[in-house]
Asks: 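This is the structure I want to talk about, given as structure tokens.
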Amino acid sequence: MPGLTIAGTGRYLPGRAYTNHDLARVLDTNDEWIRQRTGIVQRHYCPVGQGAADLALPACQEALASAGLEPRDIDFILFNTMTPDHLFPGSGTLVGARLGCAGVPALDFRAQCAAMLYSFQVADALLSRDGIRRILIVGAEAHAALMPWLDREILEGTTQRKPSPEAWELASRHRGWGVVFGDGAGAVVVERSEEQGTGVLAVDLHSDGNDAAQLCIPAGFRVGSYLGGGDPDSTLIHMQGREVFKQAVLRLPRSVEAVCETAGVRVSDVDWFIAHQANQRINDAVCERLGIRPETMPSNIERYGNTSAATIPILLDEMRRDGRLQRGQLICLLAFGAGFHWGSVLVRI
Ligand code: COA
């Protein structure tokens, strides 16, 4: 059976970074609270008028360049986002066209923060088919489109204006999630490998829609209330933060133990735990429960916040470029997100 190998990676973080102090201009929050509860210090936001495919494009170009490949070398695009450019079509076909891959099949995943894990499992299966040698896996998010504040000049402090009492109240009511998300894109080119023992060794994936209401944007194609039927609140994120936190801390360690057991390796054999960056406290608790050294679970949440489907490919790119990721290492990707979707993937790179 052929395996897969990581041939190239890229990332793109748009524009300037926005600090916690910037956010305190548009909603009732403060740097200390955000740092202590989440580990986040700054994040980037997608520019006005742009969307996920715009952020994805430079990340994909960088991934192709680092793999020494051309757009025509790509046989499939897997696009992960919870903030697609349009209700339809998906963002994968948009980025494919801009990249010069028109005609190449493109599939969007709707598994939110855990989408990269689904992409790795599907890529692994696709690469075992004749004719598919290289797959571009992308994660990109433009959460800024749905932030509960709108006025960038106030956010950036370039005006004396203050938010109206209504705007302040709305943004502050949503401060629990309004401070954690950031925008960006990451891309990974995976390639078929005939080398014995490389590639996806085991997958432990789950989805449970019983908890869907705990983290969702309710608006959609519901008959009689299309896109929320005019209720602006239903187009914003609804998040029971504490419950999501508890579930993530409970389910992620179990998943990592299960994936290692399936592959016949010990948790301590894993070189890197490349975890979704939702909250530093979640990842610290997962490390503690697994009894692993925190240094084996790298973090960049401080700089980027939670970029949902983009966190894992951005981190992979950083680690590949600074030399932490090396051929032959055993890595475990793990994530928990809306749906709930969660799990882990063990890869020998
Ligand atoms: N700034 C200042 N205060 C805030 C705040 C903010 N941005 N957000 C909430 N608070 C306040 C609350 O109003 C509450 O105040 P009160 O005690 O006076 O009522 C207090 O802080 C505690 O709120 P709570 O929501 O219980 O905080 P928390 O410790 O659970 O932290 C999250 C909130 C969102 C950071 C945390 O629950 C979390 O990260 N959950 C997981 C979410 C997640 O991972 N989502 C993405 C999954 S992919």
Side-chain angles (χ1 to χ4, degrees), residues 18-43 80-83 109-118 139-141 143 146-149 155 163 168-184 186 205-208 211-217 236-253 255 274-286 297 299-302 304-315 333-344:
Y18 292 88
T19 65
N20 297 338
H21 299 289
D22 291 326
L23 279 175
R25 294 196 191 95
V26 289
L27 53 81
D28 183 11
T29 191
N30 58 78
D31 179 57
E32 195 192 353
W33 191 96
I34 301 174
R35 274 179 199 252
Q36 279 182 1
R37 303 281 179 132
T38 70
I40 300 167
V41 174
Q42 59 175 50
R43 74 288 288 147
N80 305 286
T81 187
M82 64 175 219
T83 51
F109 283 83
R110 302 198 56 200
Q112 292 67 246
C113 300
M116 278 309 282
L117 309 180
Y118 281 76
E141 301 287 0
H143 299 109
L146 61 87
M147 282 295 152
W149 44 262
L155 181 74
W168 180 263
E169 189 281 323
L170 174 84
S172 299
R173 186 151 36 90
H174 291 280
R175 65 184 176 172
W177 61 267
V179 300
V180 298
F181 292 102
D183 295 342
L205 276 187
H206 302 274
S207 157
D208 183 351
D211 293 316
Q214 299 209 13
L215 181 50
C216 67
I217 297 178
L236 296 174
I237 292 179
H238 290 222
M239 183 171 87
Q240 305 293 328
R242 288 216 161 181
E243 198 48 36
V244 175
F245 192 105
K246 267 197 299 199
Q247 293 296 334
V249 168
L250 189 72
R251 294 180 197 210
L252 284 172
S255 175
I274 301 181
H276 171 51
Q277 309 282 302
N279 184 322
Q280 188 57 43
R281 283 164 53 227
I282 292 180
N283 289 354
D284 290 346
V286 171
M297 190 180 283
S299 166
N300 60 14
I301 193 168
E302 180 180 321
Y304 306 138
N306 178 354
T307 58
S308 295
T311 60
I312 287 178
I314 289 174
L315 191 51
L333 313 180
L334 57 145
F336 183 93
F340 294 137
H341 296 279
W342 74 99
S344 48

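The model shown is predicted, which means the values in this text are computed figures rather than measured ones. When a ligand or atom number is given, it counts from 1 through the structure's own listing order.
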Asks: Using distance alone, decide if ligand 1 has a nitrogen or oxygen within less than 3.5 Å of any nitrogen or oxygen in N306.
Replies: no
Asks: Can you tell me how the ring of W342 sits relative to the ring of H206, calling it parallel under 30°, perpendicular over 60° and tilted otherwise?
Replies: parallel
Asks: Could you check atom 38 (C) of ligand 1 against the protein and tell me its nearest heavy-atom contact, residue, atom and distance included?
Replies: N279 ND2, 3.6 Å
Asks: I need the contact type for L27 against ligand 1. Using non-hydrogen atoms and a strict under-4.0 Å cut-off, is it side chain, backbone, both or neither?
Replies: neither
Asks: Among protein heavy atoms, which sits nearest to atom 9 (C) of ligand 1, and what does the distance come to when rounded to 0.1 Å?
Replies: W33 CZ2, 3.4 Å
Asks: Given R242, H174, Q214, which one has a non-hydrogen atom that is nearest to atom 30 (O) of ligand 1?
Replies: R242
Asks: Identify all side-chain donor-acceptor contacts of residues 19-27 below 3.5 Å with residues at least two apart in sequence or on another chain.
Replies:
unit_1	atom_1	unit_2	atom_2	d
T19	OG1	H21	N	3.2
T19	OG1	D22	N	3.1
T19	OG1	D22	OD2	3.4
N20	OD1	R43	NH1	3.0
N20	OD1	R43	NH2	2.8
N20	ND2	D31	OD1	2.9
N20	ND2	I40	O	2.9
D22	OD1	R25	NH1	2.8
D22	OD2	R16	NH2	2.7
D22	OD2	T19	N	2.9
R25	NH1	L155	O	2.6

Asks: Are more than 12 heavy atoms, taken from residues, nucleotides or ligands other than E302, located less than 6.0 Å from that residue's CD atom?
Replies: no
Asks: Is it the case that atom CZ in R110 sees more than 12 heavy atoms from other parts of the structure closer than 6.0 Å?
Replies: no
Asks: Is G176 close enough to touch ligand 1? Criterion: a residue heavy atom under 4.0 Å from a ligand atom.
Replies: yes
Asks: How far is atom 45 (N) of ligand 1 from its nearest protein heavy atom, and which residue and atom name does that atom have?
Replies: M239 SD, 3.4 Å
Asks: Checking contacts here: is it the side chain or the backbone of Q112 that comes within 4.0 Å of ligand 1, counting heavy atoms only? Could be both or neither.
Replies: neither
Asks: Is it the side chain, the backbone, both or neither of V180 that has a heavy atom closer than 4.0 Å to ligand 1?
Replies: neither
Asks: Using a 4.0 Å heavy-atom threshold (strictly under), name the region of W177 that reaches ligand 1: side chain, backbone, both or neither.
Replies: neither
Asks: Where on T29 is there a heavy atom closer than 4.0 Å to ligand 1, on the side chain, on the backbone, on both, or on neither?
Replies: both
